[in-house]
Participant: 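Can you read through this structure? Questions will come right after.
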Amino acid sequence: MFDVHATEEEDKLVLLCALDRLGGCTEEQLLRFVVETGLESQFQFFLALSGLKEAGLVRESRHLEGTLLILTPEGRQSMELFAPRIRASQQEKLEQHSAAWRRRVLDELSMPSEYKPSGNGYAVTLRALESGEEIFSMTLTAATKAQAKRFCARWPENAPYLYQKIMERLGELPKEETTASAELNDQR
């Protein structure tokens, strides 16, 4: 549950600390973090974020998957100076949830997925990025919207395994080629 006694200044400080702990993230990711962990309501979030952007404490940066929110040097300095003013209950929530959410944010940014209606159901595009470059992409058809959502939700967790298996299966030499290759090496 949200603490109704939060001030607008504390809401801003919570967002600065959340951005510091999560690293660059999308507005949607930051919103989900603060709402799902009970740090702020949606209304508090949008008011605080608007104020931080206007004050130049948070900036937007282009990323392959959209726009990320980043702390400016002034935002970092404000956070460091005033973070102790955040109530202990809010600081505890930040501490308790930020590490898992940071991993989640990184996974979402490096393994994006999306779905959209298509003739046969939903086209689900699953991608893997490395150093900002796309290294893998595939599009599947899901029969229902619920199935498309499950594909997208499960992609970050399963992407490394699936990518490895696909690369092994596609990159593996057929047994007869492997045997012939070994015989050539033995003759040399």
Side-chain angles (χ1 to χ4, degrees), residues 1-116 122 124-129 132 145-160:
M1 187 51 73
F2 306 109
D3 190 337
V4 294
H5 301 293
T7 64
E8 189 175 335
E9 289 74 24
E10 184 180 41
D11 291 339
K12 290 176 183 177
L13 285 170
V14 165
L15 287 187
L16 291 174
C17 288
L19 269 175
D20 180 57
R21 290 169 185 233
L22 297 180
C25 60
T26 66
E27 188 171 308
E28 178 191 353
Q29 289 169 324
L30 184 60
L31 172 64
R32 286 191 340 248
F33 173 70
V34 298
V35 170
E36 289 180 25
T37 58
L39 286 161
E40 296 179 6
S41 70
Q42 236 180 317
F43 182 74
Q44 290 170 298
F45 170 81
F46 284 112
L47 279 176
L49 183 59
S50 174
L52 291 171
K53 286 179 180 178
E54 285 177 24
L57 301 178
V58 172
R59 69 176 175 84
E60 295 179 340
S61 174
R62 289 290 305 145
H63 179 269
L64 192 58
E65 286 309 300
T67 304
L68 299 184
L69 298 174
I70 308 286
L71 282 180
T72 63
E74 295 81 9
R76 182 166 308 286
Q77 183 179 22
S78 294
M79 180 210 54
E80 290 169 354
L81 286 172
F82 300 112
R85 294 186 183 181
I86 298 173
R87 284 168 294 139
S89 62
Q90 296 291 76
Q91 289 180 7
E92 186 178 314
K93 287 178 186 177
L94 281 165
E95 185 66 35
Q96 181 179 9
H97 300 287
S98 60
W101 271 85
R102 182 176 180 87
R103 180 77 246 153
R104 185 174 170 181
V105 165
L106 290 172
D107 285 350
E108 288 175 3
L109 292 175
S110 64
M111 290 167 265
S113 60
E114 64 182 359
Y115 65 90
K116 58 185 172 190
Y122 290 84
V124 181
T125 303
L126 307 171
R127 300 168 50 215
L129 308 174
K145 187 175 187 175
Q147 186 181 42
K149 285 182 176 183
R150 274 194 310 277
F151 285 1
C152 291
R154 292 176 178 167
W155 174 240
E157 180 183 332
N158 290 292

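Side chains are part of it too, since the values below use all heavy atoms of this structure and drop only hydrogens, waters and symmetry mates. Given the structure is predicted, the values throughout are model-derived calculations rather than measurements.
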Participant: Return each pair, listed once, that meets side-chain hydrogen bond (donor to acceptor under 3.5 Å, both in side chains) where at least one residue sits in residues 147-157; pairs must be two or more places apart or across chains.
Facilitator: none
Participant: Suppose we screen for salt bridge (charged side-chain N to carboxylate O under 4.0 Å, His left out). Which residues come up paired with E60, at least two apart in sequence or across chains?
Facilitator: K53
Participant: Looking at every non-hydrogen atom in both residues, tell me the closest pair between G24 and I70 and how far apart they are.
Facilitator: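 Closest heavy-atom pair between G24 and I70: CA-CD1, 3.7 Å.
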Participant: Would you indicate whether the side-chain heavy atoms of F46 and E40 approach each other to under 4.5 Å?
Facilitator: no
Participant: Nearest 0.5 angstrom please: L68 CG to R59 CZ, how far?
Facilitator: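 If I round to the nearest 0.5 Å, the distance is 9.5 Å.
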Participant: Regarding E95 and R21, does a basic nitrogen lie under 4.0 Å from an acidic carboxylate oxygen?
Facilitator: yes
Participant: List the steps and the verdict of side-chain contact (heavy atoms from CB on, under 4.5 Å) for L47 and D11.
Facilitator: CA-CA 9 Å; L47 279 176; D11 291 339; over 6 Å; no
Participant: Report the distance from atom CZ of R76 to atom CG of L71, rounding to the nearest 0.5 Å.
Facilitator: 5.0 Å
Participant: Shortest non-hydrogen contact from L13 to S78?
Facilitator: CD2-O, 4.2 Å
Participant: Is any side-chain heavy atom of W101 less than 4.5 Å from a side-chain heavy atom of Q29?
Facilitator: no
Participant: Is there a side-chain contact between Q91 and C17 (heavy atoms, below 4.5 Å)?
Facilitator: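 Q91 vs C17: side chains apart.
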Participant: Please check if the number of heavy atoms outside E80 that lie under 6.0 Å from its CD is greater than 12.
Facilitator: yes
Participant: How about L49 and L69: do any of their side-chain heavy atoms sit closer than 4.5 Å?
Facilitator: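 Yes. Closest side-chain heavy atoms under 4.5 Å.
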Participant: Out of curiosity, L106 CG to R104 CZ, how far, rounded to the nearest 0.5 Å?
Facilitator: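 Answer rounded to 0.5 Å: 12.5 Å.
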Participant: Considering non-hydrogen atoms only, spot the tightest contact between L19 and V58 and give its length.
Facilitator: CD1-CG2, 3.7 Å
Participant: Measure the CG-CD distance between L31 and E36 for me, rounded to the nearest 0.5 Å.
Facilitator: 8.5 Å
Participant: Roughly how far apart are F82 CZ and Q77 CD, rounded to 0.5 Å?
Facilitator: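 These two atoms lie 8.5 Å from each other.
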Participant: Taking all non-hydrogen atoms of both residues, which atom of D20 and which atom of M79 are closest, and how far apart?
Facilitator: CB-SD, 3.4 Å
Participant: For the atom pair CG (L16) and CG (L81), what is the distance rounded to the nearest 0.5 Å?
Facilitator: 11.0 Å
Participant: Could you tell me which non-hydrogen atom of M111 sits nearest to which non-hydrogen atom of A159, and how far apart they are?
Facilitator: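 Answer, listing the atom of M111 first, then A159: SD-CB, 3.3 Å.
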Participant: Closest heavy-atom contact between L30 and C25?
Facilitator: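 Looks like CB-SG, 3.9 Å.
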Participant: Would you say that F33 contacts R102 through its side chain, given a criterion of any heavy-atom pair below 4.5 Å between the two side chains?
Facilitator: no
Participant: Are side-chain heavy atoms of T67 and E27 found at a separation under 4.5 Å?
Facilitator: no
Participant: Salt-bridged, K12 to E8, with N to O below 4.0 Å?
Facilitator: yes
Participant: Could you tell me whether the side chain of E108 reaches within less than 4.5 Å of the side chain of R32, counting heavy atoms only?
Facilitator: yes
Participant: Given side chains that start at C-beta, do those of L109 and V105 come closer than 4.5 Å, heavy atoms only?
Facilitator: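 The answer is yes, as the side chains (C-beta and beyond) meet within the 4.5 Å cut-off.
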